[in-house]
Amino acid sequence: MAIKADYHMHSSFSGDSSAPMADMAKHALALGLTHICFTEHYDPDYIYPAGEEGMFELNTDSYLYELIKQKSKYNGQLEIAFGVELGLQPHLKRQLALYAKSHDFDFIIGSSHLCSRKDPYYPVFFEGRSEDEAHQEYFEAVLECVKTLPYFDVYGHLDYVVRYGPTKNDSYTYQKHADVFDKILSVLIENGKGIELNTGGFRSGLSQPNPCVEILKRYRALGGEIITVGSDAHAPKDIAADFDRACALLKECGFAYYCVFQKRIPEYLKL
Ligand SMILES: [Zn+2]
Ligand SMILES: [Zn+2]
């Protein structure tokens with residue numbers, strides 16, 4: 001496996017995972033990884049279905065305490081970075097700015113899990129309009145976030161919305177939303193931000209990662225160089241899933257390097 005760093009992983013500090021951090025780290029080492037980054041969910045003001053209130057809040061101090069323990073246990077064998085997956089919503093500007101500074105994170109993923117106060121994970125997001133219209137609304141919300149909320153290093157699963165629509169990515173193409181994608185990618189590049197290749201899309205039944213290959217190619221063609229690779233694993237079995245496929249795709253898109261981060265600074269590793 002050419003990619004040795006999984007930069008999008010959750011453990012039981014995220015409300016949607018029950019995997020002990022120790023199990024995640026142990027399995028990552030057994031797979032031959034050299035770097036991992038825990039990116040626990042912190043999604044303030046998320047709209048919860050009944051019974052799941054508070055699921056994406058994060059006890060950052062407890063999380064860091066356990067991370068330091070794992071870091072020292074694997075010292076010299078596996079680099080473990082301190083990351084977070086920040087749920088971006090435009091009205092949270094002040095709160096996200098303060099949170100990003102509240103701890104010495106190594107790495108911050110910015111993700112749009114909510115668009116117009118709805119999570120596309122739930123079918124209601126797609127009701128009453130075409131799938132293309134729903135996708136376009138989501139991508140316009142992403143553009144608003146990248147313009148106004150610069151508190152992240154890479155943008156997470158940029159076309160997350162296509163995982164959950166009625167026909168997934170069957171008729172979705174880069175070209176249908178090229179204007180908004182080009183604006184998003186240009187703002188990211190101007191601001192020195194990266195994107196991730198998230199292999200979770202394959203496990204959601206997509207034929208592509210998130211984002212799709214055309215977006216990865218376009219980011220590179222416009223001059224973007226900062227790319228991380230993440231499985232979005234919530235359990236050990238999914239760590240580094242489809243990384244051989246990810247490596248081949250990145251090369252095909254013109255990348256020669258992928259990134260890991262320390263204290264928010266990218267380091268480039270050869271593909
Ligand atoms: Zn996410
Ligand atoms: Zn995630």
Side-chain angles (χ1 to χ4, degrees), residues 8-21 23-24 38-66 83-100 102-103 108-142 144-145 148-149 151-152 155-169 172 198 200-206 210 230-238:
H8 191 149
M9 289 178 26
H10 298 270
S11 77
S12 58
F13 290 98
S14 293
D16 57 354
S17 167
S18 56
M21 187 185 282
D23 292 1
M24 296 294 281
F38 286 97
T39 51
E40 308 295 356
H41 285 295
Y42 177 57
D43 234 301
D45 202 22
Y46 184 85
I47 302 293
Y48 292 101
E52 292 187 353
E53 291 80 6
M55 190 166 167
F56 298 126
E57 293 296 324
L58 177 61
N59 184 336
T60 314
D61 292 325
S62 303
Y63 160 40
L64 178 58
Y65 182 78
E66 179 64 20
V84 67
E85 182 176 9
L86 215 51
L88 304 178
Q89 297 189 69
H91 71 284
L92 299 175
K93 188 171 171 64
R94 183 178 156 75
Q95 186 174 349
L96 296 176
L98 293 173
Y99 183 75
S102 69
H103 292 79
I108 300 180
I109 297 179
S111 292
S112 291
H113 295 127
L114 288 184
C115 169
S116 309
R117 312 293 287 141
K118 290 191 190 89
D119 190 333
Y121 180 80
Y122 298 102
V124 67
F125 180 76
F126 294 91
E127 280 171 12
R129 55 186 167 162
S130 74
E131 213 164 348
D132 287 348
E133 285 167 345
H135 289 168
Q136 182 69 22
E137 186 194 347
Y138 178 88
F139 299 134
E140 279 168 10
V142 170
E144 175 72 13
C145 287
T148 57
L149 305 167
Y151 317 115
F152 63 88
Y155 213 85
H157 46 54
L158 202 142
D159 54 8
Y160 166 85
V161 67
V162 308
R163 284 184 188 174
Y164 303 111
T167 70
K168 296 190 182 267
N169 67 348
Y172 156 72
N198 185 307
F202 293 127
R203 301 195 305 283
S204 305
L206 303 182
N210 297 110
S231 64
D232 215 342
H234 287 64
K237 68 175 174 54
D238 292 326

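- Taking each heavy atom of V142 and S112 in turn, the nearest pair found is CG2-OG, 3.9 Å.
- The residue from Y122, Y48, Y160, Y42 that alone fulfils the ring-ring contact (aromatic ring centres under 6.0 Å, His included) condition with H113 is Y160.
- Contact record, S231 with N198: O-OD1, 4.3 Å, taken as the closest heavy-atom pair.
- When all heavy atoms of S111 and G156 are compared, the pair lying nearest together is OG-CA, 3.7 Å.
- Considering CZ of R129 and CD of E137, their distance stands at 4.5 Å, rounded to 0.5 Å.
- Note that CZ of F125 and NE2 of H135 are 8.5 Å apart. Values are rounded to the nearest 0.5 Å.
- Side-chain atoms of L88 and Y151, non-hydrogen and from C-beta on, never get closer than 4.5 Å to each other.
- Rounded to the nearest 0.5 Å, atoms CG (L114) and CG (D45) are 8.0 Å apart.
- Of all the heavy atoms in H234 and A19, the pair that sits closest is O-CB, 3.6 Å.
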Take Y99 and L58 through the test side chain to side chain contact (heavy atoms under 4.5 Å, CB included) and record every step on the way to the result.
CA-CA 11 Å; Y99 183 75; L58 177 61; 3.5 Å; yes

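- Between the side chain of K118 and the backbone N or O of V124, no donor-acceptor pair lies under 3.5 Å.
- The backbone N or O of A233 sits nowhere less than 3.5 Å from a side-chain atom of H10 that would complete a donor-acceptor pair.
- With rounding to the nearest 0.5 angstrom, the CD1 atom of I109 is 7.5 Å from the CG atom of D232.
- Between the side chain of T39 and the main chain of M9, a donor-acceptor pair closer than 3.5 Å is present.
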Can you check side chain to side chain contact (heavy atoms under 4.5 Å, CB included) on S11 and Y63, steps first, answer last?
CA-CA 9 Å; S11 77; Y63 160 40; 5.5 Å; no

Apply the test side chain to side chain contact (heavy atoms under 4.5 Å, CB included) to residues V161 and F139: give CA-CA distance (whole Å), side-chain angles for both, the deciding distance (0.1 Å), then the verdict.
CA-CA 9 Å; V161 67; F139 299 134; 3.8 Å; yes

Quick one, D119 with Y164, criterion side-chain hydrogen bond (donor to acceptor under 3.5 Å, both in side chains). Give me CA distance, side-chain angles, the key distance, then yes/no.
CA-CA 10 Å; D119 190 333; Y164 303 111; over 6 Å; no

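- For the side-chain hydrogen bond (donor to acceptor under 3.5 Å, both in side chains) with Y172, the qualifying choice from D132, T167, D159 is D159, the only one to do so.
- Atom SG of C115 sits about 10.0 Å away from atom CD of Q89, to the nearest 0.5 Å.
- Residues S204 and R163 come closest through the heavy atom pair OG-CD, 3.5 Å.
- In the displayed structure, R94 atom CZ is contacted under 6.0 Å by at most 12 heavy atoms of other residues, nucleotides or ligands.
- Closest heavy-atom contact between E57 and P44: OE2-CA, 4.0 Å.
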